[in-house]
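First comes the structure, then the notes that go with it.
If you're wondering where the values come from, they're calculated on a predicted model, not measured in any experiment.
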Amino acid sequence: MNFLCRPKNSFSHEGNRLPSLIMPYFNQSILRPAIFFLTGIPGFETYHVWISILFCCLYVIAISGNGMILFVIITESSLHEPMYYFLSMLSFTDLGLCLSTLVTVLGIFWFNVQEINFDACIGQMFFIHGFTFMESSVLLTMAFDRFIAICNPLRYSTILTNSRIIKVGFAIVIRGTAALVPLLLLLKRLSFCHSHVLHHSYCFHPDVMKLSCTDTKINSAFGLAIVICTAGLDFVLILLSYVLIIHSVLSIASPEERKKAFGTCVSHISAVAIFYIPMISLSLVHRFGKHAPPLVHTFIANVYLLVPPVMNPIIYSVRTKQIRKAALKVFLSKLI
């Protein structure tokens, strides 16, 4: 009898240990959701079909406008200059930002498709944040372009050669990717047990991170450090470049030359403003606006998403005579 009881007790003891070994892995599989739920316009769900008309118009303007600038710069040899190469990079990043969110945004408004797979969400974040970091870098290179053109015009063509511009383009892509990959790998280690409902119609890193039930201090600190080292540093260097530009322009004696020099910077200053103001506003809302109405989060997120890609082609088409002339020349020749 003792012999028969001993295995029973032994198996009972081992059976008690087994759950403690597998529970961490079991919990992770339970806590990690298969899907998140995206949000359209809170409180206006019944009007999503009508609201989609506005979003469709904005997407059409953004995609066609940036596509036109890219096409014109590529096909028109007179625009094969550093300034327009950087402008084509800006249009490329804006185009990528639009296409990264097009499916989920219109899917919500047209078909009420709110579910998104966790891995698909990670992929969308990669492109959204990646193109955002790249656009910040492009704006910095455009500020450097204006600095050289105004402060050291005689060396402009020798400094900004085609080979250097190509290297700058690769550096922008590598910088954005290298900064983003560790951030998303840290996000994949988290478990999610709270609400799976996101505040936006696309996946945004701080929004997804808030839903985790595990410690996110490392993710939050690393994310803040990346933003400071990329967009934050770029913004400071852009401001510094314009301080030097203003100092150089004020030393010009002729008022007409001053006006002309400042006129070449107006488009870039506008692009910087419409990029950084929504981005900073969205970051502040996520960090300090926890009790703000959901509609505030949604509005700022959509402004951040669509205003720069929509406005940049308009600004550069209106303010840059060479772009207007080249566009008319290309499209009129196609019609004829």
Side-chain angles (χ1 to χ4, degrees), residues 66 68-95 131 133-179 229-273 275-276 312-313 315-317 319-327 329-330:
N66 288 290
M68 179 201 71
I69 288 179
L70 278 172
F71 179 75
V72 167
I73 292 175
I74 291 171
T75 56
E76 186 58 37
S77 58
S78 63
L79 299 181
H80 292 177
E81 297 178 6
M83 174 183 173
Y84 301 109
Y85 288 144
F86 293 134
L87 178 56
S88 66
M89 292 181 191
L90 183 66
S91 294
F92 175 77
T93 56
D94 281 336
L95 200 59
F131 282 118
F133 292 154
M134 284 190 278
E135 182 155 346
S136 175
S137 301
V138 171
L139 290 172
L140 175 60
T141 59
M142 295 176 80
F144 180 73
D145 171 78
R146 291 299 86 205
F147 169 75
I148 298 297
I150 293 172
C151 300
N152 200 353
L154 297 179
R155 297 187 60 197
Y156 182 79
S157 58
T158 58
I159 294 175
L160 295 176
T161 61
N162 290 341
S163 61
R164 283 180 180 170
I165 292 172
I166 293 172
K167 291 176 183 177
V168 167
F170 279 113
I172 288 171
V173 175
I174 294 170
R175 182 200 187 200
T177 305
C229 293
T230 53
L233 179 62
D234 293 344
F235 184 67
V236 171
L237 294 176
I238 289 170
L239 290 179
L240 178 61
S241 68
Y242 272 102
V243 169
L244 298 175
I245 287 172
I246 291 171
H247 180 267
S248 178
V249 170
L250 291 178
S251 64
I252 300 174
S254 172
E256 292 183 358
E257 291 182 358
R258 289 184 188 178
K259 184 178 179 181
K260 183 179 179 181
F262 279 126
T264 62
C265 301
V266 171
S267 298
H268 180 253
I269 292 172
S270 302
V272 169
F275 174 76
Y276 280 103
N312 283 336
I315 291 170
Y316 278 96
S317 297
R319 294 289 310 177
T320 309
K321 187 186 296 183
Q322 291 85 347
I323 292 290
R324 292 200 308 272
K325 286 184 176 179
K329 178 182 176 182
V330 169

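Here NZ of K321 is found 15.0 Å from OG of S317. Values are rounded to the nearest 0.5 Å. Separating the CZ atom in R324 from the CD atom in Q322 is a distance of 8.5 Å, to the nearest 0.5 Å. With values rounded to the nearest 0.5 angstrom, L160 atom CG is found 5.5 Å from D145 atom CG. Remark: F235 CZ to L240 CG distance equals 12.0 Å, nearest 0.5 Å. Atom CD1 of I73 and atom CD of E81 lie 10.5 Å apart (nearest 0.5 Å). Once rounded to the nearest 0.5 Å, the distance linking CD1 of I238 with CG of L140 reads 5.5 Å.
N162 places a side-chain heavy atom less than 4.5 Å from the side chain of Y85. A 4.5 Å side-chain heavy-atom check between L87 and I323 finds at least one atom pair inside the cut-off. In this structure the side chain of V72 reaches within 4.5 angstrom of the side chain of M68, judged on heavy atoms. Side-chain contact between S136 and T230 is absent, with no heavy-atom pair separated by less than 4.5 Å. Contact annotation: the side chain of Y276 approaches that of L139 to within less than 4.5 Å [non-hydrogen atoms, C-beta and beyond]. At least one side-chain heavy atom of I165 sits under 4.5 Å from a side-chain heavy atom of F86. Within the 4.5 Å cutoff, no side-chain heavy atoms of V266 are placed close to those of I269. Contact annotation: the side chain of F131 never approaches that of D94 to less than 4.5 Å [non-hydrogen atoms, C-beta and beyond].
No more than 12 heavy atoms of other residues, nucleotides or ligands shown are found within 6.0 angstrom of CZ on F92.
Across all their heavy atoms, G263 and R319 have their closest contact at O-NH2, 3.7 Å. The two residues I245 and A143 come nearest to each other via the heavy atoms CD1-O, 4.3 Å. When all heavy atoms of S91 and N66 are compared, the closest pair comes out as CA-OD1, 3.4 Å. Of all the heavy atoms in N312 and E135, the pair that sits closest is ND2-OE2, 3.5 Å. Of all heavy-atom pairs between T158 and T161, the closest is O-CG2, 3.3 Å.
Across V243, V249, L250, a single residue satisfies side chain to side chain contact (heavy atoms under 4.5 Å, CB included) together with I246, and that is L250. Partner of L95 under the side chain to side chain contact (heavy atoms under 4.5 Å, CB included) criterion, out of I69, L90, L70: L70 alone.
The backbone N or O of A261 lies less than 3.5 Å from a partner atom in the side chain of T264, making a donor-acceptor pair.
V236 is linked by a side-chain contact (heavy atoms from CB on, under 4.5 Å) to nothing, counting only residues two or more places apart in sequence or in another chain.
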Query raised in the report: Going through the distances and angles, do M83 and R146 end up as a side-chain contact (heavy atoms from CB on, under 4.5 Å)?
Result: CA-CA 8 Å; M83 174 183 173; R146 291 299 86 205; 3.8 Å; yes
**Report entry** Residue pair F144, S241: steps toward the side-chain contact (heavy atoms from CB on, under 4.5 Å) verdict
**Finding:** CA-CA 7 Å; F144 180 73; S241 68; over 6 Å; no
Query raised in the report: Step by step, would you call I74 with S88 a side-chain contact (heavy atoms from CB on, under 4.5 Å)?
Result: CA-CA 8 Å; I74 291 171; S88 66; over 6 Å; no
Query raised in the report: Where do F133 and R175 land on the side-chain contact (heavy atoms from CB on, under 4.5 Å) test, with the steps shown first?
Result: CA-CA 8 Å; F133 292 154; R175 182 200 187 200; over 6 Å; no
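Checked against the 6.0 Å centroid threshold, Y316 and H268 do not count as a close aromatic pair.
In the model, S254 has no side-chain atom that pairs as donor or acceptor with a side-chain atom of E256 under 3.5 Å.
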